[in-house]
Structures are given as structure tokens and as C-alpha cells.
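Within every chain, numbering begins at 1; the chains are lettered A, B, ... in the order of the sequence lines, protein sequences first and strands thereafter. Predicted, not measured: the structure shown is a model, and the values here were computed from it.
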2 protein chains.
Amino acid sequence: MREMTSLADSIEEYLKKLLNLSASGFIDIKRKELSSKFSCVPSQVNYVLETRFTLEKGYLVESKRGGKGYVRLRKIKVPPESLLSFILRDIKKGPVDDVKAKGFIQMLYEEKYISLRESRIMEAVISSLHIIEDSSLQHRLNGLLLRNMLFILLK
Amino acid sequence: MREMTSLADSIEEYLKKLLNLSASGFIDIKRKELSSKFSCVPSQVNYVLETRFTLEKGYLVESKRGGKGYVRLRKIKVPPESLLSFILRDIKKGPVDDVKAKGFIQMLYEEKYISLRESRIMEAVISSLHIIEDSSLQHRLNGLLLRNMLFILLK
DNA sequence: TTGTTTGACTATCTTTGACCTTTGTTAAAT
DNA sequence: ATTTAACAAAGGTCAAAGATAGTCAAACAA
């Protein structure tokens, strides 16, 4: 009889069960403890988080290092057909130039995801990145910043 | 239920509570007594003061050594019109590391210049800049971005 | 190939302790 | 009454150790 479930799958399942049981909508775990529980290296936990608990799949991961550190996992609601999902998918596909980034921001405003002031702040950010010489870095930052700013809207 | 609060966090919370209860707007503590209360070394108190009660976060710490020594903690009250110019002036002076940048953002929120969401967006921006290798560029961007985001508030 | 697992190295945050500086107190010497 | 010196009573600094989590690329498996 062969093993059908990977370690990653087991950890995923375990975390999802914990999440469902949680009244608060989030859970705090210790990376080290979790990896002990599954007798694997700690970075295995990161692998699971990166592949199974992504924003696109509707999860938010926050963490803190050092003494009393933790990893906090929460389930959020991102309707798959929503503008947010669309933008997140698009960002993941590749570099984001500033025309595209600003287009997204405009759409977010028009669809009432963000206020006028918020849209102006975000646009100011994208514009400011112009001083970066390395345009590949600039485009990566466009995507990353947009993504991390959207992340906030979900909390 | 696992304990997630570090000693530093507990001390921070305790001091903030005392400050809120204080009519005078400041509190005087004895470093030694406080550290006894929390069963830790005195320098732990300095750590908390240095990381949580910085000028950028809107706090002022004064102290005196020797007999009758004390540590005085106060929340600074910035006249509403001058907070932005205070920050802008500081930014102009030199590079802005992310601890400082986030301190300013926190103060802007506490003083009600920006909403919670706006503060989180701004913090996300600063955090995202971590991927920049060149730390001099990163610090320049911290300042520039903060400045350009603040300009939006003036409109 | 694609997805999984591992481990070496890195980054960040916290806690502790040894040593330093400043101020206050007291009592002896002047 | 004044000066001085020792000692006590604070608080400050800094660097090391401890506690977590993150990253990345190589090895491995399906």
C-alpha cells in the first residue's frame, strides 16, 4: 500500500481543520512546534503556507519572529470573480508597469473598494517609484506594493 | 491557550495604561521597581523604551540618574497644524530607516491625520521596500514615499 | 517535469548581564 | 562651616545569547 498523502497535504489539512474550529476566524501557531508535530523541518511549514494558503486562495498569513514569535493564519472572503481576485491573478503573472498599476487603482476606486484619498496615496506611491533606475526592480515593486496594499483591504 | 505576549509587550502595555490613567500627561517610574514588578533585569525597561516609546511614535522619555532618580514618560501633544511639517522637516534632514518611517505613520494615525486603513497601507508600502538590496536607495525611498504620501493629505 | 522535502544560512526580535556614569548621603578631616 | 572621600542608589550602554521565523537552492519523488 503506497502513501497517498504528502506531508504537505497533511499539514494543510490539519491547519484547515484548526481554522474551522476556531471561533475567532484565525489561528496562531508556532512554526517550530508544528514542524515537530509532523516530524519535519520548519521550512516545510513555509512551503505549505506558500502553496496552499495564498491570498488568491483566500488566506492571510502574518507572522512575527523572535521570542514569543508566531504565525497567524486567517481565512478571508475573496469572491473568485471579484476585482480583487482578478488583480491578484494578474499581478502574479508578471511584471506590472505603472500604467497598469494605476489602472488597477482607478478601478478599485470606481468599484468602491478604496476611498479617493486611498487611491491618491497609492498613486503617489507608484509615481514615486519612477526614481528607481532599474526598471525591472521598479516593475517588481509595482506588483509587490499593489499586492501588499490590497492585502490590507482584506483584513 | 498558548501565551503569545512577550515580556516587552507586557511592559509596554502596562506603561501605556498608566499613561492613559494619568491626568498630568506624564508618568514617573523607577526603572528598578518596574523591572522587579516584571521580574526581569533593569535594562529590559530600556529596551522597551527604545523600541516602543520613541520620538517618532510620539513619546518623550526623560530621566535622571543617581539617588532620587527616575524615568519620566510623556506622550507628546503636537499642535495639529505642525505634525506634518514636523515630519516633513525630519525627512528632509536625512535618510529614513523603516523603524522611523513606521513610527511617523503610527503617530499620524494616533493623532487622527489618517485612518487605520490608510496607516496600514502606508506601513505595507514601507515594509515592501525591504526587497531593495541597496539600503541607501531603500532609505531614500522611505523618505520620498512618505513625503509624497503626506502631500496627498495636504490637498 | 512538477511538486515535495531538507538543511544551511539569514533576519528579526527579545532577554540577560557585565560594566559605566551620575547624583545623593554621610561622616571624617580641615 | 566647609571640604572631601567613600559609599550607596539610581539610571545608561552595549554586546552576547536565546528564540523564533524566512529564504533559497539542492536533492528527491511522482
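Geometrically, Arg72(B) engages Tyr70(B) in a cation-pi contact, judged by NZ or CZ lying under 6.0 Å from the ring centre and within 45° of the ring axis.
With hydrophobic clusters built from ILVMFWY side chains whose heavy atoms lie under 4.5 angstrom apart, Ile132(B) shares a cluster with Leu146(B). Grouping the Ile, Leu, Val, Met, Phe, Trp and Tyr side chains by contacts below 4.5 angstrom, directly or via other members, places Val61(A) apart from Phe26(A).
Nucleic acid contact class of Arg72(A) (heavy atoms, under 4.0 Å, all strands): none. Backbone-only engagement by Gly69(B) is indicated by non-hydrogen atom pairs under 4.0 Å involving sugar-phosphate atoms exclusively. Tyr70(B) comes within 4.0 angstrom of sugar-phosphate atoms only, judged by non-hydrogen atoms across all strands, and of no base.
Rounded to an integer number of Å, the gap from Gln44(B) CD to dG12(D) C1' is 15 Å. The separation between Met4(B) atom CE and dC13(C) atom P is 15 Å, rounded to whole Å. Counting to the nearest Å, the C1' atom of dA10(D) and the CG atom of Leu34(B) are 14 Å from each other. Residue Ile29(A) contributes atom CD1, which lies 14 Å from atom P of dT20(D) at whole-angstrom precision. Following rounding to the nearest Å, Tyr47(B) (OH) and dT15(C) (P) show an atom-to-atom distance of 7 Å. Between the NZ atom of Lys68(A) and the C1' atom of dG18(D) there is a distance of 12 Å, given to the nearest Å. Going from atom NZ of Lys64(A) over to atom C1' of dT15(C) covers 13 Å, rounded to whole Å. Straight-line distance from the NZ atom of Lys30(B) to the P atom of dT23(C): 15 Å, rounded to whole Å.
Each of dT16(C), dT14(C), dT4(C) was ranked by its minimum atom distance to the side chain of Ser6(A); first place goes to dT4(C).
With hydrogens and angles ignored, the 3.5 Å screen pairs a side-chain donor or acceptor of Ser115(A) with a backbone N or O of Glu118(A).
Side chain to side chain, Ser35(B) and Lys30(B) fail the donor-acceptor criterion of an N or O pair below 3.5 Å. For the residue pair Asn46(B) and Ser43(B), no side-chain donor N or O sits within less than 3.5 Å of a side-chain acceptor on the partner.
A salt bridge links Asp9(B) with Lys64(A); the closest basic N to acidic carboxylate O contact falls under 4.0 Å. Between Glu62(A) and Arg74(A) a salt bridge is recorded (basic side-chain N to carboxylate O distance below 4.0 Å).
If you find the closest nucleotide of DNA chain C to Gly67(A) and to Ser39(A), the one lying nearer the 5' end belongs to Ser39(A).
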*In the 5'-to-3' direction, what one-character label does each nucleotide of nucleotides 22-27 of chain D receive under the scheme B = base within less than 4.0 Å of a protein heavy atom, S = sugar-phosphate only, - = no such atom?*
BB----

*For side chain to side chain contact (heavy atoms under 4.5 Å, CB included), just list the numbers for Arg120(A) and Leu116(A), CA-CA rounded to whole Å, side-chain angles, deciding distance to a tenth of an Å, and then say yes or no.*
CA-CA 6 Å; Arg120(A) 289 194 171 141; Leu116(A) 180 59; 3.8 Å; yes

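Against DNA chain D, the stretch residues 137-151 of chain A makes no heavy-atom approach under 4.0 Å.
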